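Since we're looking at a predicted model, the values are computed, not measured. Whatever order the structure lists them in is the order used to number ligands and atoms, beginning at 1. Numbers here are sequence positions counted from 1.
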Amino acid sequence: MKIKGIEHIGIAVNSLAEDAPFWKHILGLDHTGTETVDSEKVTTDIYDTGRGKIELLEAMSNDSTIAKYIDKRGAGVHHICFEVDDIHKAIIELKENNITVIYNEPKVGAEGYLVTFIHPKSTGGVLVELAQRP
Ligand code: ZN
């Protein structure tokens, strides 16, 4: 597969209202949008650093994967996302190498990207997202 770079780093936060101002006002990152991803029950708040984005993730409900993550491990870095040129090809290639892919069929994530995740047990402990630009 062809990795085109780090698309974003996903950070689980308790509260966008409390935590986003650091990224927006102290670091002065360019805010590019806020959207809800209903399939993940999460609100994403996205900032562009110029070389890769920061994606703040706030749970929309207690059964959101982000709420469960924060309960277990606390707020902080949740995943790293790489941009790929062809996500369908990437999934096939990963499965051929016995890598645990979370969505065998890519889902539509924030900003319309097609995404899947690689289980941390296959990566040395980091949740890795792959995303193809829409
Ligand atoms: Zn992400």
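- Here Thr34 pairs with His31, Asp45 under the side chain to side chain donor-acceptor pair (under 3.5 Å) rule; sequence neighbours left out.
- For the ring-ring contact (aromatic ring centres under 6.0 Å, His included) condition, the pairs that include at least one residue of residues 50-75, sequence neighbours left out, are Tyr69-His78.
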Tell me which donor-acceptor pairs under 3.5 Å the side chains of residues 122-134 have, and how far apart each pair is, sequence neighbours excluded?
residue: Ser122; atom: OG; partner: Thr100; partner atom: N; Å: 3.1
residue: Thr123; atom: OG1; partner: Pro120; partner atom: O; Å: 3.3
residue: Thr123; atom: OG1; partner: Val126; partner atom: N; Å: 3.1
residue: Thr123; atom: OG1; partner: Val126; partner atom: O; Å: 2.4
residue: Glu129; atom: OE1; partner: His8; partner atom: NE2; Å: 2.9
residue: Glu129; atom: OE1; partner: His79; partner atom: NE2; Å: 2.9
residue: Gln132; atom: OE1; partner: Ile87; partner atom: N; Å: 2.8
residue: Arg133; atom: NE; partner: Glu83; partner atom: OE2; Å: 3.4

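- Of all non-hydrogen atoms in Leu16 and Pro21, the two that sit nearest each other are O-CD, 3.7 Å.
- Side-chain N or O atoms of Glu40 include none that pairs as donor or acceptor with a backbone N or O of Thr65 at under 3.5 Å.
- Around the Zn ion (ligand 1), the protein N, O or S atoms found under 2.8 Å comprise His8 NE2, Glu55 OE1, His79 NE2, Glu129 OE1.
- Annotation: the span from Thr43 atom OG1 to Asp38 atom CG amounts to 9.0 Å, rounded to 0.5 Å.
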